[in-house]
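Let me begin by presenting the structure, written as structure tokens, before commenting on it.
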Amino acid sequence: MYKNIEKQTKLSLKDQVQYQAGQVVSKTLVQNEKVSMTIFSFDKGEEISTHAAPGDAMVTVLEGKGRFTVGGEVFYLEAGDTLIMPKDIPHAVFGEEQFKMQLVVSF
């Protein structure tokens with residue numbers, strides 16, 4: 001079930017979360033036993049440190065540029081790019097500049 005978002009309305013995902021100085025901001029749109037979907041904004045230089053997810057995680061950059069380290073391999077993604085981070089593989093996310101992303105985790 002979707003939450004925190006208008007239904008039956010045309011919208012832009014990148015507009016669903018705003019930048020805040022020195023912070024990573026998130027807004028959860030779906031959370032259940034099968035899938036979660038969250039929109040994030042990263043201020044330049046902010047990060048989510050290395051962790052592993054209990055499901056496959058697909059990120060799509062909506063705006064800006066981010067650095068994703070997955071299992072020790074580094075990927076630079078820009079608006080429109082998508083990356084799948086496999087279940088149980090350590091990964092981290094860093095704001096090379098301000099950027100926004102959509103995260104979908106399937107369990």
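- With rounding to the nearest 0.5 Å, the separation of NZ in K27 from OG in S41 is 11.5 Å.
- Side-chain contact check for L62 versus I39: some heavy-atom pair is nearer than 4.5 Å.
- Here OG1 of T60 is found 9.0 Å from CG of D81. Values are rounded to the nearest 0.5 Å.
- The distance from atom CD of E63 to atom OG of S12, rounded to the nearest 0.5 Å, is 8.0 Å.
- From M37, atom CE reaches atom CG of N32 across 10.0 Å, with rounding to the nearest 0.5 Å.
- Transitive grouping of hydrophobic side chains (ILVMFWY, heavy atoms separated by less than 4.5 Å) brings V24 and V105 into a common cluster.
- In this structure, L103 is not a member of the same hydrophobic cluster as Y2, with clusters built from ILVMFWY side-chain heavy atoms closer than 4.5 Å.
- Note that CD1 of I5 is 11.5 Å distant from OG1 of T28, once rounded to the nearest 0.5 Å.
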Between R67 and Y76, does the side chain to side chain contact (heavy atoms under 4.5 Å, CB included) criterion hold? Intermediate values first, please.
CA-CA 5 Å; R67 182 179 76 215; Y76 292 91; 3.6 Å; yes
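- I84 belongs to a hydrophobic cluster with M58, counting contacts under 4.5 Å between side-chain heavy atoms of Ile, Leu, Val, Met, Phe, Trp and Tyr, direct or through other members.
- No continuous path of hydrophobic side-chain contacts links V59 to V35 [ILVMFWY only; heavy atoms under 4.5 Å].
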Taking only distance into account, with no hydrogens and no angle test, what donor-acceptor pairs under 3.5 Å do side-chain atoms of residues 68-75 form with protein atoms, sequence neighbours excluded?
none

Take L29 and L13 through the test side chain to side chain contact (heavy atoms under 4.5 Å, CB included) and record every step on the way to the result.
CA-CA 10 Å; L29 304 181; L13 287 178; 4.0 Å; yes
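- Note on E97 versus K65: no salt bridge recorded, every NZ/NE/NH1/NH2 to OD/OE distance being 4.0 Å or above.
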Result block: side-chain N/O donor-acceptor pairs under 3.5 angstrom for residues 43-57, not counting sequence neighbours:
from: D43; atom 1: OD1; to: Q98; atom 2: NE2; distance (Å): 3.1
from: D43; atom 1: OD2; to: G22; atom 2: N; distance (Å): 2.6
from: H51; atom 1: ND1; to: S49; atom 2: O; distance (Å): 2.8
from: H51; atom 1: ND1; to: H91; atom 2: O; distance (Å): 3.4
from: H51; atom 1: NE2; to: H91; atom 2: NE2; distance (Å): 3.1
from: D56; atom 1: OD1; to: K87; atom 2: N; distance (Å): 2.8

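- Across Y19, F94, F42, a single residue satisfies ring pair (Phe, Tyr, Trp, His ring centres under 6.0 Å) together with F99, and that is F42.
- At least one donor-acceptor pair under 3.5 Å links the side chain of K100 to the backbone N or O of V17.
- When all heavy atoms of Q31 and F107 are compared, the closest pair comes out as NE2-CE1, 4.5 Å.
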